[in-house]
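For reference, the structure discussed in these notes is given below.
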Amino acid sequence: MKTRWYKDSFFYQIYPRSFCDSNGDGIGDIRGIISKLDYLKELGITAVWLSPCYKSPNDDNGYDISDYRDIMDEFGTMADFDELIAGLHERGIKLIMDLVVNHTSDEHDWFKESRKSKDNPYRDYYYWKKGRGKDGKRPPNNWMSNFLGPAWKYEKETDEWYMHLFSYKQPDLNWNNPRVRQEVADICNFWFEKGVDGFRCDVITYISKKEGLPDGKIKLPLIGFEQYCLTDNWHKFIKELADRSWNRYDTTMVGEAMGITSANAKEYIDESVGELDCVFSFEHTNADRYMQILPHGMNVRKLKKIFARWQALPKTCAPTLFMENHDQPRCMPRFVSYKCKGHFDEAAKMLAVALYMQRGVPFVYQGQEIGMTNLPVKEAGYLKECDDRENTAMRSIEVYKDVLSVNVYKALKKFPFLIPVASKVLAKVARDHARTPMQWSAEANAGFCAAGVTPWMTVNPNFVYKNADLQKRDPSSIWNFYRRLIKYRLGNEYIIEGEFNEFYKNSGKLYVYERRVGDKALAVICNFTGKPVRFTLPDEWKGKSAHAELCNYDEVLPLGNRTLRPFEASVYLI
Ligand code: TEU
Ligand code: CA
């Protein structure tokens, strides 16, 4: 049944709340997406990953679902959704949705029942436990929520605690309960029957918890991670779900997979396993973090090593290729170590070449294709780091809306001296940066919503010169480069199947590799610095005729020993 269509596709992630508002309430919606289908077609992508659009009280912008079979009020109706999927399919674009089943909303009917009494038929849909200490006033174990604080909330009605690995409004489902597992299979099948082509599975590695829920190691920023990530019955649960649902349709199943790395990936995504097709692993997006908390400049050597490890996996394991999503800061200029003044566009295009000429399943996040950046918050020294032009500085504490950012500030109320530090960190890593409205045009509110409407989230003031409208009309824009690159990549046997060989592995400045098929290869050369760098041909490439395929400068220079221009990216067929 599975054609494995993901092997030759290009995904575009839509975060609906921030994509396009059609009805003037300042919140993106499904009809807004429908109005942009031709835009997606023009860009050339072949699949969409849509972040959650189900009924939700929006404590975590839709990642807290109160009805899996209905559409969020703000986003529209099921009729709108049906029109969306038809419109995508008409244009040859597949749709994968977000499957959020590690937890539900506390406003889901299951949880409303569950919390009523200990003998309610839904009690076992969630994790309920007695507290510790003589009066039970301490949480059942020491696990920490991924959104700060303990992973347990006390309910006096039944004198027990329930588990929430994220916000307290996101209680964890108990997958040990066979009824829960059947519910999940039924939900997946409901959407597959509607024509949905797959799912991105939210925090899927957390669904199985260690028997007895033992205390975890104190390993900041999380406590308990090893007790709930990929433990015990994980494979059993996923295999069962794949049999009952995923593998009965021509799907692509992408796991959001903390804990899966290039070292253990084979056990999870090899085609022979028949569970997930590929995963978002966060090894490379952590290459700029110190102890996973404090960000510093991107470590290019480390980044290349991580890329290379994924590329080295057998052909039956597909890596994903991404730099952004709705939880990550913007990749520009993050991935080029923050020194791209005067060469912003070249750097953005170079990153695209470095990433997307590799083997794997490519994803681009809304706005990445025009080089959208983090909010220019004061704390970060905004002029240097956010963009290459002057900008209005804003105070982050006033613009952040994300439950995680808000929790950070709440937690620090008692330690006000730490707020400036937290602000600095958040200025670089807050999830809010990826959630500012898509910049469509230079009109009011960046064209995201009508003039006079207040958008739900601050628009990045750089929309006046950084927007889709302008870039579509400028042949040398980032947008037009992405469009060319996407077209070039699709159906290209070198990129899809070629062997990956890297050169100058120890260089902290250049990323050089080839994608070989027989005696021909694509040669990929990327300068990660804003300075000219001397390049010498690797022996393997000497004396070969070379045809220039893709370059981020208008003036294409021949392959040979020469000086590479700042952030130059050149691809040749040799
Ligand atoms: O993300 C899981 C997750 O762990 C991240 O939110 C993480 O906390 C963040 O990257 C900080 O480094 C998924 C979704 O992508 C996210 O939007 C949801 O908030 C979360 O699950 C809960 O559903
Ligand atoms: Ca709206």
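In this text the structure is predicted, and so the values were computed from the model without any measurement. In each ligand, atom 1 is the first atom listed, and ligand 1 is the first ligand listed. Sequence positions, counted from 1, serve as the residue numbers for this chain.
Close contacts between ligand 1 and H326 involve ligand atoms 14 (C), 15 (O), 16 (C), 17 (O) [criterion: under 4.0 Å to a heavy atom]. Short contacts between ligand 1 and H103, defined as distances under 4.0 Å to a heavy atom of the residue, involve ligand atoms 22 (C), 23 (O). Of all atoms in ligand 1, numbered sequentially from 1 with element shown, those under 4.0 Å from a heavy atom of D60 are 18 (C), 19 (O), 20 (C), 22 (C), 23 (O). For ligand 1 and R431, the ligand atoms under 4.0 Å from any heavy atom of the residue are 5 (C), 6 (O), 9 (C), 16 (C), 17 (O), 18 (C), 19 (O). Of all atoms in ligand 1, numbered sequentially from 1 with element shown, those under 4.0 Å from a heavy atom of V203 are 2 (C), 21 (O). Per-residue contacts place D327 under 4.0 angstrom from the following atoms of ligand 1 (heavy atoms of the residue considered): 1 (O), 5 (C), 6 (O), 10 (O), 13 (C), 14 (C), 15 (O), 16 (C), 17 (O). Close approach of ligand 1 to R435 (heavy-atom distance below 4.0 Å) involves ligand atoms 17 (O).
Y54 has its ring centre less than 6.0 Å from the ring centre of W191. Side-chain rings of W49 and Y15 stay apart, their centers remaining 6.0 Å or farther from each other.
The Ca ion (ligand 2) has no N, O or S atom of G32 inside 3.0 Å of it. Counting backbone and side-chain atoms alike, D29 contributes an N/O/S atom closer than 3.0 Å to the Ca ion (ligand 2). The nearest N, O or S atom of N23 is closer to the Ca ion (ligand 2) than 3.0 Å.
The protein heavy atom nearest to atom 13 (C) of ligand 1 is D202 OD1, 2.8 Å.
Note on ring orientation: taking the six-membered ring where Trp is involved, the planes of Y206 and F225 are perpendicular (angle over 60°, cut-offs 30° and 60°). The aromatic rings of F166 and H103 sit tilted, their planes meeting at an angle between 30° and 60°.
The N, O or S atom of D25 with the smallest distance to the Ca ion (ligand 2) is OD1.
Screening D172, D106, T104 for a side chain to side chain contact (heavy atoms under 4.5 Å, CB included) involving Y126 leaves a single residue, T104.
Comment: E160 does not engage K129 in a salt bridge, judged by the lack of any side-chain N to carboxylate O separation of less than 4.0 angstrom.
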*asked:* Checking R31 against E83 for the salt bridge (Lys or Arg N to Asp or Glu O under 4.0 Å) test, could you report, in this order, the C-alpha distance in whole Å, the side-chain angles of both residues, the deciding distance, and whether it holds?
replied: CA-CA 9 Å; R31 299 222 68 82; E83 196 177 320; 2.7 Å; yes

*Apply the test side chain to side chain contact (heavy atoms under 4.5 Å, CB included) to residues I96 and F199: give CA-CA distance (whole Å), side-chain angles for both, the deciding distance (0.1 Å), then the verdict.*
CA-CA 5 Å; I96 71 169; F199 283 100; 5.6 Å; no

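Residue contact annotation: Q328 has no non-hydrogen atom under 4.0 Å from ligand 1. For F147, the heavy-atom gap to ligand 1 drops under 4.0 angstrom.
Side chain to side chain, S22 and D29 meet the donor-acceptor criterion of an N or O pair below 3.5 Å.
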